[in-house]
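Input: a single structure, listed below in structure tokens.
For ligands, and for the atoms within them, numbers begin at 1 and follow the listed sequence. It should be emphasised that the depicted structure is a prediction, and the values quoted were computed from it without experimental measurement. We number each residue from 1, following the sequence as shown.
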Amino acid sequence: MFLKRIVLSLFCFHVVLGKTPEIREDVRKFPDGFLFGVASASYQVEGAWDEDGKSESIWDHDTHKIPSPIDDMSTGDIADDSYHLYKRDVEMVREMGVDFYRISLSWTRIMPTSFPDKINQAGVDYYNNLINELLKHNIKPMITLFHWDMPQKLQEMGGWTNPNIVDWYGDYVRTAYELFGDRVKYWITINEPTQICLYGYGLNLLAPRLNIPGVADYLCSKNLLLAHARAYHIYDEEFRASQGGNISITLSAQWYEPESELYATASREYLQFDSGVYAHPIFSKEGDWPSIVKEKVARKSAEQGFARSRLPDFTPEEIEYVRGTSDFFGLNHYSSYFVNMDEDTINSYAVPSRADDIGVNVFKLNEWVLSEFSSTDYVPWGFYKLLNYFREEYDNPPIFITENGFGTYYTGLDDDERVTYYRGYIGAVLDAIDDGTNIIGYTAWCLMDNFEWTKGYTVRYGIYHVDFESPNRTRTPRKSAFVYKEIVRTRSLDIGFEPDTSVMTIDEGH
Ligand code: NOJ
């Protein structure tokens, strides 16, 4: 098996090399107006899970289960305690010198009943304070309206599988625009639909862990797209003229490289089932699900004895309602895979399931693992290919990279592997820009270590280390923070730059 992987990887490496730009040693500049930022998300950093009137979200519910489904049995009850320490967070954002800070709102902190009948003023105050603190220092807030922490009460009524979610979510986002839209110019409706629907509804990898494969995940996808479109239209029709902001969705997308030319179709189809399920309805000229997804799920559903396709149809009105609902293409990217048609693996997939519907094998290479501490694979050329693929597939939309970063089991400050990762991936962004791909911003995930969902605190993504043992959750910059700061300061990538990590300062203007 090991030998097979080595032989394979040599072969694959050869296939890939010819098409991929080399890592460049020269100092490379970003275009004028390019935006740099850092990100976090409410449940992962805020803590204060039941403080000041906040109600329960699905992540509060999930992490309080006994036995715990979280790797280290931890919770986000306190997390980074950003609810109380947000001023230190803003100080760190200022140290980085970035243009924006991407945060998310907790629905249950603002609307404890889930509905607009009761607005929790303490929750509103928290976000006002955070937003105003950022603006005071010339940092733009970018706000994600939904980063996975669905109100538990709505989940009990089906969450994203209940079509009423479109109204409920619409009411929530309207309130958010009313409360904060005078100061917020970048909105993300929903973060990573694939993870929400596939991992949360089709599998049991994320809350609410429904684990109803090939059925609940597709229902979730349809309602989620309609809810996104509702949020876009409400903004467009009721707020855009007075508030003048930008709004879109953030998709998580990885690259799927064919192991050889034999698997070019497998790669294309996998991409359509993965990012395409959300990108095609919004960003393609014709809208609707990708046709290969419709065909494959309908055929399998019929063979399996279902009365109709497990993939719910969009009506012509719904197709129009969703099509074009974006001001930019929000993209989270972490890593890549190879694809082939290995029959043993394909035959082992659950029936029904999305994996079985696609009918393709995905795998990784040993050489992508930087060390035993890495939890993210290092494949910068995959990012380059993905960015150029979106340019070609969706008519060169403005791509805003809303997350990219490196997870590790290593917790220390000398995070050379994270530095390698950022340099490689930011270089890939520059390569894609050189090819004419319209990339307008880049966001490092994450500002600081935090609650990494089912991994708890075992995996760290922060460019700042957080000491979860200390009562004030002490934050300390890692080497990667100094390197990222220099990229932002010079608006350029110099892979030879060695930072002085002895002292972190705030530069003028921030
Ligand atoms: C994407 C998610 O949006 C974020 O919440 C998560 O922490 C990172 N990926 C890393 O897994």
| Do any heavy atoms of Gln195 fall under 4.0 Å from ligand 1? | no
| task | Would you please indicate if the ring centroids of Tyr442 and Phe30 are separated by under 6.0 Å? | result | no
| Do Arg174 and Tyr169 meet the cation-pi criteria used here (NZ or CZ under 6.0 Å from the six-membered ring centre, within 45° of the axis)? | no
| task | Using a strict 4.0 Å threshold on nitrogen-to-oxygen distance, state whether Glu91 and Arg475 make a salt bridge. | result | no
| field | Heavy-atom pair with the smallest gap, counting every atom of Ser336 and Trp368 | value | O-CZ3, 3.2 Å
| request: Please state which part of Asn191 comes within less than 4.0 Å of ligand 1, counting heavy atoms only: side chain, backbone, both or neither. | output: side chain
| So which heavy atom in the protein is nearest atom 7 (O) of ligand 1, and how far is it from that ligand atom? | Glu452 OE1, 2.7 Å
| request: May I ask you to say whether Arg460 pairs ionically with Glu452, meaning some side-chain N is under 4.0 Å from a carboxylate O? | output: no
| said: Taking distance alone, with N or O pairs closer than 3.5 Å, would you say Asn450 contacts ligand 1? | reply: no
| query | Starting from atom 8 (C) of ligand 1, which protein heavy atom do you reach first, and at what distance in Å? | reply | Tyr334 OH, 3.4 Å
| message | List ligand 1 atoms under 4.0 Å from His147, heavy atoms only on the residue side. | response | 2 (C), 3 (O), 4 (C), 5 (O)
| note | A student checking ligand 1 against Tyr461 at a 4.0 Å heavy-atom cut-off should list atoms 10 (C), 11 (O)
| field | Heavy-atom nearest neighbour in the protein, as seen from atom 1 (C) of ligand 1, with distance rounded to 0.1 Å | value | Glu403 OE1, 2.9 Å
| query | For the side chain to side chain contact (heavy atoms under 4.5 Å, CB included) test, which of Val45, Thr63, Asp80 pairs with Phe451? | reply | Thr63
